[in-house]
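Side-chain atoms are counted along with the backbone in the values below, which use heavy atoms only and exclude waters and symmetry mates. One-based numbering along the sequence shown.
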Amino acid sequence: MATEAHRPTTSSDWGKADFEAIYNCPDPRRYFTTLQPLDYQIPHHGQAVFRAAVDALHRRRTDRPPLRVVDLCCSYGINAALLNHRLTLADLYDRYTAPGPDGAAGVAADRAYFATRRRDDAVHLTGIDAADRAVRYGREAGLLDAGFAENLETAPPTPALRAALAGTDLITVTGGVGYITARTFGHLLDAVTAPPWIAAFVLRTVSYGPVADLLARAGLVTEKLPARTFRQRRFADDGERRAAFTALAAHALPTDGKEADGFYHADLHLSRPAADVAALPLEKLVTD
């Protein structure tokens with residue numbers, strides 16, 4: 001379980017424990033040491049899906065390398081680390097929970113670590129998160145090509161972010177929907193040159209309907225992977241579990257084989273132009 005210094009408290013919004021203290025630190029070490037006991041794993045699932053999406057886009061858009069990816073709620077650049085480097089989530093746990101230098105020396109060591117493992121086909125990755133220190137780490141460690149500490153729930157993108165969003169091919173998010181809403185997605189769609197693909201892992205306790213409706217009005221068809229869900233992390237305590245089961249019951253969603261195993265589960269939603277959906281349905285894009 002979490003150490004006393006890292007123990008989560010009950011959140012007052014929609015039943016999840018409050019891990020606010022780990023989301024905006026100078027580096028991700030507290031984040032990983034806190035979430036490791038909860039078997040936090042959604043970035044691992046995102047890595048496979050986002051890589052499949054990037055590979056499919058590469059095949060369709062050979063005229064515009066490198067692809068431009070925007071990661072919402074990017075935190076420290078974890079999805080960027082997995083998408084653009086020859087690494088696994090287990091590698092990141094090993095690195096960030098082991099003793100090592102902190103401060104500027106730690107960031108420099110992390111930058112060198114990632115530089116030697118960068119993929120030749122790395123995408124251009126822009127991160128957006130309200131946590132300024134986390135975004136700064138992602139940039140300084142070389143994980144984010146561009147990073148913006150902006151809250152699109154409360155304000156539209158700054159001119160600099162609007163410029164960075166132009167030409168976006170893929171938007172990803174693994175853990176933010178529920179904290180971010182259709183308002184954020186609306187601001188993004190207002191800034192992009194053409195509707196991009198949008199891949200979102202969304203906890204089953206949260207409705208994606210308002211976002212999918214907004215995307216439909218922008219010409220995107222949203223598919224939900226029907227065959228499986230994806231574990232996010234273990235429930236931190238009985239309070240989280242009760243709140244999750246209450247939310248799922250309100251949506252008439254069964255928990256057998258899913259949250260009954262003690263984990264939050266997420267659905268995968270992929271939104272694309274209709275022609276792209278027809279050419280490669282989600283079930284063929286994500287095959288395992």
Closest non-hydrogen atom pair, R68 against A164: NH2-O, 3.7 Å
Flag, side chain of E150 to backbone of I128, donor-acceptor distance under 3.5 Å: no
Evaluation steps, side chain to side chain contact (heavy atoms under 4.5 Å, CB included), between I78 and F32: CA-CA 10 Å; I78 296 162; F32 277 94; 3.9 Å; yes
Minimum heavy-atom distance L83-R51, with the two atoms named: O-NH2, 2.6 Å
Rounded distance [0.5 Å steps], CZ in R139 versus CZ in F148: 8.5 Å
V107 and Y137, any side-chain heavy atoms less than 4.5 Å apart: yes
Donor-acceptor contact present, side-chain R183 to main-chain T154, <3.5 Å: no
Parallel, tilted or perpendicular: ring planes of Y31 versus Y40, cut at 30 and 60 degrees: perpendicular
P157 backbone acceptor or donor facing R162 side chain under 3.5 Å: no
Rounded distance (nearest 0.5 Å) linking atom CG of L215 with atom CZ of F185: 7.0 Å
Side-chain touch V177/L203, heavy atoms, less than 4.5 angstrom: no
CG-CG distance between D190 and L152, expressed to the nearest 0.5 angstrom: 10.5 Å
Exam field: side chain E283 to backbone A227, donor-acceptor pair closer than 3.5 Å: no
Residues D110, R95: salt bridge by 4.0 Å N-O rule: yes
Results of side-chain hydrogen bond (donor to acceptor under 3.5 Å, both in side chains) for T222 - residues two or more places apart only: S271
Heavy-atom pair with the smallest gap, counting every atom of L220 and P195: CD2-CB, 3.7 Å
hydrophobic_cluster_shared for L280 and L67, side chain cutoff 4.5 Å: yes
Flag, side chain of T88 to backbone of D91, donor-acceptor distance under 3.5 Å: yes
Test applied, side chain to side chain donor-acceptor pair (under 3.5 Å); reference residue, W197; option that passes from D169, T172, T168, D276: D276
Within-4.5 Å side-chain heavy-atom neighbours: D261 and R231: yes
Min side-chain heavy-atom separation L144-C74 under 4.5 Å: yes
From CA spacing to verdict: side chain to side chain contact (heavy atoms under 4.5 Å, CB included), D129, Y76: CA-CA 9 Å; D129 199 296; Y76 301 93; over 6 Å; no
Within-4.5 Å side-chain heavy-atom neighbours: P66 and D121: no
Min side-chain heavy-atom separation V49-L285 under 4.5 Å: no
Closest non-hydrogen atom pair, L82 against P43: CD1-O, 3.5 Å
Shared hydrophobic cluster for L225 and L253 (ILVMFWY, side-chain gaps under 4.5 Å): no
Side chain proximity check, F114 to L87, heavy atoms < 4.5 angstrom: yes
Basic-acidic side-chain contact under 4.0 Å: R272, E223: yes
Hydrophobic cluster identity match, V206 and Y208, side-chain contacts under 4.5 Å: yes
All side chain to side chain contact (heavy atoms under 4.5 Å, CB included) counterparts of A122, not counting sequence neighbours: N84, R118
Salt-bridge contact R29-D102 (side-chain N to carboxylate O under 4.0 Å): no
Nearest-0.5 Å distance, OG1 of residue T174 to CD of residue Q41: 12.0 Å
Spatial distance of atom NE2 (H45) from atom OG1 (T229) [nearest 0.5 Å]: 9.0 Å
Cluster check F263, L38: I/L/V/M/F/W/Y, side chain < 4.5 angstrom: no
Nearest heavy atoms of P210 and A182, plus distance in Å: O-CB, 3.9 Å
Donor-acceptor under 3.5 Å (D267 side chain, V202 main chain): no
Lys/Arg N to Asp/Glu carboxylate O, D55 vs R59, below 4.0 Å: no
D132 CG to N151 CG distance, which is reported to the nearest 0.5 Å: 12.0 Å
V192 and V70, any side-chain heavy atoms less than 4.5 Å apart: no
Main-chain N/O of R133 paired with N24 side-chain donor or acceptor, under 3.5 Å: yes
Derivation and outcome, side chain to side chain contact (heavy atoms under 4.5 Å, CB included), residues V286 and L270: CA-CA 10 Å; V286 180; L270 182 62; over 6 Å; no
Atom of G257, atom of A260 and distance for their closest heavy-atom approach: N-CB, 4.5 Å
ILVMFWY cluster, L214 and V277 together (side-chain gap under 4.5 Å): no
Evaluation steps, side chain to side chain contact (heavy atoms under 4.5 Å, CB included), between C73 and Y179: CA-CA 9 Å; C73 305; Y179 298 108; 5.9 Å; no
Positive for side chain to side chain donor-acceptor pair (under 3.5 Å) with R204, one of H265, E259, Q232: E259
Side chain R117, main chain Y113, donor-acceptor under 3.5 Å: yes
